[in-house]
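So the structure is just underneath, and the comments pick up after that.
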Amino acid sequence: MTKHLISVLAFMAVTFAVQGFSHFVLNADHFAAIGFLREAPIMPMGFTVMIIQGFILSLALSRWAPSQPSLRDAMIISLAFGLFLASYIVLTEPAKYTVPSIMAWIRVEATASTTQFVLFGLLLGLIHRKFP
């Protein structure tokens with residue numbers, strides 16, 4: 001259970017750091033130009049999603065590689081889930097909503113999602129190796 005708790009906390013930290021940096025520092029102008037975003041996000045909802053997603057990813061690695069998972073195993077799980085989740089954010093959201101630039105949206109969201117799930121995949125592998 002320790003590895004799942006630490007994995008969830010790691011997912012929350014990576015997600016908050018990567019997405020927060022993307023939204024509020026690196027791409028602040030991009031997000032400011034999007035008229036349908038809240039000025040102040042509802043943080044408990046975001047934390048709930050991070051807990052659910054982090055737990056699912058940790059559990060998936062435990063099922064995929066039950067004994068001594070490798071970093072490769074963790075990267076496969078993290079990148080597969082990242083691709084699944086990001087495909088909606090990257091491609092469907094700009095198809096549904098009026099965004100200032102579809103290509104800018106795709107670039108910003110694909111870069112942040114890739115960074116998030118690569119970093120988390122590395123941490124997930126290290127955590128599951130340390131706490132078998």
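Computed from a prediction, not measured in an experiment: that's the story for all the values here. Sequence positions, counted from 1, serve as the residue numbers for this chain.
The hydrophobic clustering, which links ILVMFWY residues whose side-chain heavy atoms are closer than 4.5 Å, places Val8 and Met43 together. Follow the hydrophobic side-chain contacts under 4.5 Å out from Ile52 and you reach Phe47 in the same cluster. When hydrophobic clusters are built by joining Ile, Leu, Val, Met, Phe, Trp and Tyr residues whose side-chain heavy atoms come closer than 4.5 Å, directly or via intermediates, Phe81 is not grouped with Val49. A continuous path of ILVMFWY side-chain contacts below 4.5 Å connects Met12 to Leu122, so both sit in one hydrophobic cluster.
With sequence neighbours left out, the side chain to side chain contact (heavy atoms under 4.5 Å, CB included) criterion links Lys130 to no other residue. Evaluation of the side chain to side chain contact (heavy atoms under 4.5 Å, CB included) rule for Gln68 yields Arg129, Pro132 as partners, not counting sequence neighbours.
The number of heavy-atom neighbours closer than 6.0 Å to CZ of Phe84, taken from other residues, nucleotides and ligands shown, is 12 or below.
Rounding to the nearest 0.5 Å gives a distance of 14.0 Å between OH of Tyr97 and CD1 of Ile102. Note that CD of Glu93 is 9.0 Å distant from CD1 of Ile34, once rounded to the nearest 0.5 Å.
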Ignoring hydrogens and angles, write down the donor-acceptor pairs under 3.5 Å from the side chains of residues 54-62, residues two or more places apart or on other chains.
from  : atom 1 : to     : atom 2 : distance (Å)
Ser58 : OG     : His4   : ND1    : 2.6
Ser58 : OG     : Ser7   : OG     : 3.4
Ser58 : OG     : His128 : NE2    : 2.9
Ser62 : OG     : Ser58  : O      : 3.3

Identify all side-chain donor-acceptor contacts of residues 103-113 below 3.5 Å with residues at least two apart in sequence or on another chain.
from   : atom 1 : to     : atom 2 : distance (Å)
Trp105 : NE1    : Ile89  : O      : 2.9
Thr111 : OG1    : Arg107 : O      : 2.7
Ser113 : OG     : Glu109 : O      : 3.0

Sequence neighbours excluded and cut-off under 3.5 Å, please list the side-chain donor-acceptor pairs for residues 13-28, or say none.
from  : atom 1 : to     : atom 2 : distance (Å)
Thr15 : OG1    : Phe11  : O      : 2.7
Thr15 : OG1    : Gln116 : NE2    : 2.8
Gln19 : NE2    : Gln116 : OE1    : 2.8
Ser22 : OG     : Asn27  : ND2    : 3.0
His23 : ND1    : Gln19  : O      : 2.9

Name the atoms and distances for all side-chain donor-acceptor pairs under 3.5 Å in residues 71-78, with sequence neighbours left out.
from  : atom 1 : to     : atom 2 : distance (Å)
Asp73 : OD1    : Trp64  : NE1    : 3.4
Asp73 : OD2    : Ser70  : N      : 3.0
Asp73 : OD2    : Ser70  : OG     : 3.2
Ser78 : OG     : Phe117 : O      : 2.6
Ser78 : OG     : Gly121 : N      : 3.4

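The only option from Leu5, Thr2, Leu126 that meets the side-chain contact (heavy atoms from CB on, under 4.5 Å) definition with Phe131 turns out to be Thr2.
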